[in-house]
Asker: 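Okay, handing you the structure first.
Counting begins at 1 with the first residue of the sequence. Model, not experiment: these values are computed from the prediction. Scope of the values below: all heavy atoms of this structure, side chains included, with no hydrogens, waters or symmetry mates.
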Amino acid sequence: PTYIGNILSESFRERLTKAAAEKFGEDYNADTEGGRERLATLKLGLDNISIAFARGTEQETGQAVREFFSVRGPSRPMLLLKYASVAEYFHDADQEAFATVPQDLHKETWAVKSRSFNRWLRYRFYVEEKQRLGGVHEPAPLRNSLVADVLTQLAAKAQFEGVQRPANLRVAEAGGNIYLDLCDKKWRVVEISPEGWGVKPAGECPVKFTREKGMAALPLPDREGASLEPLRTLLNLQGAEGERSYRLILAWLMQALRASGPYPLLVLLGERGSAKSTAARILRSLLDPSTVPLRTMPRSPHDLYIDAVSGWIVSLDNIGSLPHWLSDTLCMLSTGGGFSTRTLFTDRDQELFSAMRPAILNGISDVATRDDLVQRSLIVQLPTIERGSYRPEREIHAELRSARPKILGALLDAAAPGLMEVPFVELDAVPRMADFAKWATATEAALGAQAGEFMDAYGVSESEGARQALEAEVLSDPIYTLAENNSENGGWSGTATEMLRQLVGLVDEDVTRSREWPKAPNALSRRLRRLAALYREVGTVHIEELQRGAGSGVKKWRIAKGD
């Protein structure tokens, strides 16, 4: 029979589908799985023809018709699932779905919901279908809704059939070894063990690495010409102060090689013209190069955590001062913490961002002033470059390009013996970031330092940070004055109420009206507990919380001038 109608009409297309099913009989029985697939394929082919007619191009119309008459077997969704089965699917602890896919002579790992995996899926369908159609005609594009349905099913497969394992970004650890993703086109990985290091294909690596937009490739590390001296030259670190800064920077770089924190915050300070931004770019390029290496100050914790989960190292440029919320968020980024926000278009679902990352800040003035952030920071003062001694950016970049393989090789050379030594390191005075200090001490000899040189530099950094925090504290001057005025009496003691009254008399009225000034005795007590640790580090004032008096139960404080 002949059927005449409008191919653009859905009812006519359904009529054709029904007529075909009647003609071909049992093979198109809607009660069987194979029959339903063949009916869906017929319907999809007619839909594609109608779309091509609607567009009005002869090429698209002819292509759709050819595909319709050449299709035999499973529907497009089934074909797409079949072609996607070559991938390995797994999920992480947050139930995020990932796929490891074969690509040329290596393997790549992508989040199932990522744009990269979407494109791989479409391209695999394109290659397989073009070959099936004889290699002459290209298959029609897949509709977004069809691909979305397939991706949803693959994500479910990864969650409920795949194993749980972490998907790492740039750095990972497993079995006592460290792994560094070079992020090159071959997806090669550096494996560091106590016996040494070597470069391996991703397929031979026991951990999975994924990549985010903007992550750039590291150079192949140089084993024979490994040296750290080019770094000292690039950063212009000379003299005793330069040596201390150099040791702190190397310790920070070594900790950034570890997949577990805590990570100290590297604070680069210097006058205008000390090349702070250039130094930050250089340091980030050694372990985590990015197409956008420096970021401006984030506007919210959400923005900062987006940066943190999109790369390994966070680098904030030209910071004048840190608001309290950013200081607190950087503390969480240093020692571990997270941020949650509502998922778009839902009422109850949450998007969770959890990260512990190495970070760099640079600025002219003292940017880390809150005591909790200071205790997590390495303070580095960069030397001012004399007028007439500036170097062109092109020259610096060329020198850095040549030096990066040598510097990376030297860092890897130090990490290997560090893995062997760190279990046996014992510190005389354990600082707050004990794990970092032990690792830095374990690697200092391999980095060319004398025993104890890192801890000496770390102590200077802690003292400098405490001074910065005290200089920014509105109570520091009146407390010091109160202690000095009572030095002949062995110090001052009394309740927080009495102390607040004394301190008010030592400052101008505009200071007491500021937001930073404590307005109540309990607020003063909280501030004294925080200031006690800073003064103890500097040694200028001794703050002691005395036992409550018998009977009265009134808590008193004692303030005395330090040694």
Asker: Would you say CD of Gln131 has more than 12 non-hydrogen atoms from neighbouring residues, nucleotides or ligands within 6.0 angstrom?
Answerer: no

Asker: How many angstroms lie between OG in Ser114 and NZ in Lys213, if you round to the nearest 0.5 Å?
Answerer: 12.5 Å

Asker: Judged by atom type as modelled, is there a donor-acceptor pair below 3.5 Å linking the side chain of Ser334 to the main-chain atoms of Leu330?
Answerer: no

Asker: Please walk me through it: do Arg530 and Asp372 pass side-chain contact (heavy atoms from CB on, under 4.5 Å)?
Answerer: CA-CA 9 Å; Arg530 301 180 68 176; Asp372 48 358; 4.1 Å; yes

Asker: Side chains of Asn362 and Asn318 only: does a donor on one sit below 3.5 Å from an acceptor on the other?
Answerer: no

Asker: Taking the side chain from Thr335 and the backbone from Met332, do they hold a donor-acceptor pair closer than 3.5 Å?
Answerer: no

Asker: Is there side-chain contact between Pro262 and Asp435, with at least one heavy-atom pair below 4.5 Å?
Answerer: yes

Asker: Can you establish whether the number of heavy atoms outside Glu393 located under 6.0 Å from its atom CD is more than 12?
Answerer: yes

Asker: Compute whether any side-chain donor of one residue and acceptor of the other, for Thr100 and Lys208, lie under 3.5 angstrom apart.
Answerer: yes

Asker: If you take all heavy atoms of Phe117 and Val112, which pair is closest and at what distance?
Answerer: CD2-O, 3.4 Å

Asker: Between the side chains of Ser193 and Asn177, does any donor sit under 3.5 Å from an acceptor?
Answerer: no

Asker: Would you say the rings of Tyr89 and Phe160 are close, in the sense that their centroids are separated by under 6.0 Å?
Answerer: no

Asker: Side chains of Glu399 and His397: is there a donor and an acceptor less than 3.5 Å apart?
Answerer: no

Asker: Run the numbers on Leu283 and Leu231 for side-chain contact (heavy atoms from CB on, under 4.5 Å), then give the verdict.
Answerer: CA-CA 9 Å; Leu283 294 176; Leu231 178 60; 4.2 Å; yes

Asker: Got a second to check how far Glu173's CD is from Ile178's CD1, nearest 0.5 Å?
Answerer: 5.0 Å

Asker: Could you check whether Trp120 and Tyr123 have their ring centres less than 6.0 Å apart?
Answerer: no

Asker: Step through the shown structure and confirm whether more than 12 heavy atoms of other residues, nucleotides or ligands are within 6.0 Å of CZ on Arg119.
Answerer: no

Asker: The criterion is ring-ring contact (aromatic ring centres under 6.0 Å, His included); which residues satisfy it with Trp197, sequence neighbours excluded?
Answerer: none

Asker: Could you measure the distance from the CG atom of Leu266 to the CD1 atom of Ile379? Nearest 0.5 Å is fine.
Answerer: 9.0 Å

Asker: Which pair of non-hydrogen atoms, one from Val314 and one from Ala308, has the smallest distance, and what is that distance?
Answerer: CG2-CA, 3.8 Å

Asker: So, do Leu218 and Arg404 sit near enough that their side-chain heavy atoms are less than 4.5 Å apart?
Answerer: yes

Asker: Counting only heavy atoms from other residues, nucleotides and ligands, does the tally under 6.0 Å from NZ of Lys438 exceed 12?
Answerer: yes

Asker: If every non-hydrogen atom of Asp288 is compared with every non-hydrogen atom of Ile313, which pair is closest and at what distance?
Answerer: OD2-N, 2.9 Å

Asker: To the nearest 0.5 Å, how far apart are SG in Cys205 and CG in Leu180?
Answerer: 10.5 Å

Asker: List in chain and number order the residues that pass side chain to side chain donor-acceptor pair (under 3.5 Å) with Arg295, two or more places apart in sequence or in another chain; answer none if no residue qualifies.
Answerer: Asp307

Asker: For the side chain of Trp252 and the backbone of Leu265, is there at least one donor-acceptor N/O pair under 3.5 Å apart?
Answerer: no

Asker: Any idea which heavy atoms bring Val430 and Leu427 closest together, and the distance?
Answerer: CG2-O, 4.0 Å

Asker: List the atom of Cys183, the atom of Ala217, and the distance in Å for their closest heavy-atom pair.
Answerer: O-CB, 3.4 Å

Asker: Pick from Leu294, Ile396, Leu400: which one makes a side chain to side chain contact (heavy atoms under 4.5 Å, CB included) with Arg281?
Answerer: Leu294

Asker: Salt bridge check, Arg467 against Glu471: does any charged N sit closer than 4.0 Å to a carboxylate O?
Answerer: no

Asker: Should we count CD of Gln153 as having more than 12 external heavy atoms under 6.0 Å?
Answerer: no

Asker: Checking Arg124 side chain against Tyr83 main chain: does a donor-acceptor pair fall under 3.5 Å?
Answerer: yes

Asker: How about Pro201 and His106: do any of their side-chain heavy atoms sit closer than 4.5 Å?
Answerer: no

Asker: Could you tell me if the side chain of Ser285 sits less than 4.5 Å from the side chain of Arg401, heavy atoms only?
Answerer: no

Asker: Distance-only, no hydrogens or angles: does the Arg357 side chain make a donor-acceptor pair with backbone N or O of Gly311 under 3.5 Å?
Answerer: yes

Asker: For the rings on Tyr263 and Trp312, is their centre-to-centre separation under 6.0 Å?
Answerer: yes

Asker: When the ring centroid of Phe98 is compared with that of Phe209, is the distance short of 6.0 Å?
Answerer: no

Asker: Going from CG on Leu248 to CG on Leu378, what distance comes out if it is rounded to the nearest 0.5 angstrom?
Answerer: 5.5 Å

Asker: Could you tell me whether the side chain of Ser327 and the main chain of Pro323 form a donor-acceptor pair under 3.5 Å?
Answerer: no

Asker: Looking only at atom types and distance, does a side-chain atom of Asp92 sit under 3.5 Å from a main-chain N or O of Glu96, one as donor and one as acceptor?
Answerer: yes

Asker: Quick one: does any side-chain atom of Arg247 pair with a main-chain N or O of Glu243 as donor and acceptor, under 3.5 Å?
Answerer: no

Asker: Do Thr296 and Asp317 pass the side-chain contact (heavy atoms from CB on, under 4.5 Å) test, and can you show the C-alpha distance, the side-chain angles, and the key distance before you say yes or no?
Answerer: CA-CA 6 Å; Thr296 58; Asp317 186 39; over 6 Å; no

Asker: What closest approach, in Å, do Lys276 and Leu268 show between heavy atoms, and which atom pair accounts for it?
Answerer: CD-O, 3.8 Å

Asker: Classify the side-chain pair Thr109/Thr210 by whether it contains a donor and acceptor separated by less than 3.5 Å.
Answerer: no

Asker: What pairs of residues pass the salt bridge (Lys or Arg N to Asp or Glu O under 4.0 Å) test when at least one of them lies in residues 411-424, not counting sequence neighbours?
Answerer: none

Asker: Report the distance from atom CZ of Arg232 to atom CG of Leu250, rounding to the nearest 0.5 Å.
Answerer: 8.0 Å

Asker: Using the rule given for side-chain contact (heavy atoms from CB on, under 4.5 Å), can you reason through Tyr246 versus Leu228, listing the C-alpha separation, both sets of side-chain angles and the distance that settles it, and then say yes or no?
Answerer: CA-CA 10 Å; Tyr246 182 57; Leu228 291 170; 3.3 Å; yes

Asker: Looking at Thr233 and Glu229, would you say the former's side chain and the latter's main chain have a donor-acceptor pair under 3.5 Å?
Answerer: yes

Asker: Is Arg527 salt-bridged to Glu473, cutoff N-O under 4.0 Å?
Answerer: yes

Asker: Measure from the ring center of Trp110 to the ring center of Trp187 and say whether it is less than 6.0 Å.
Answerer: yes

Asker: Okay, side chain of Glu444, backbone of Gly452: is any donor-acceptor separation there less than 3.5 Å?
Answerer: yes

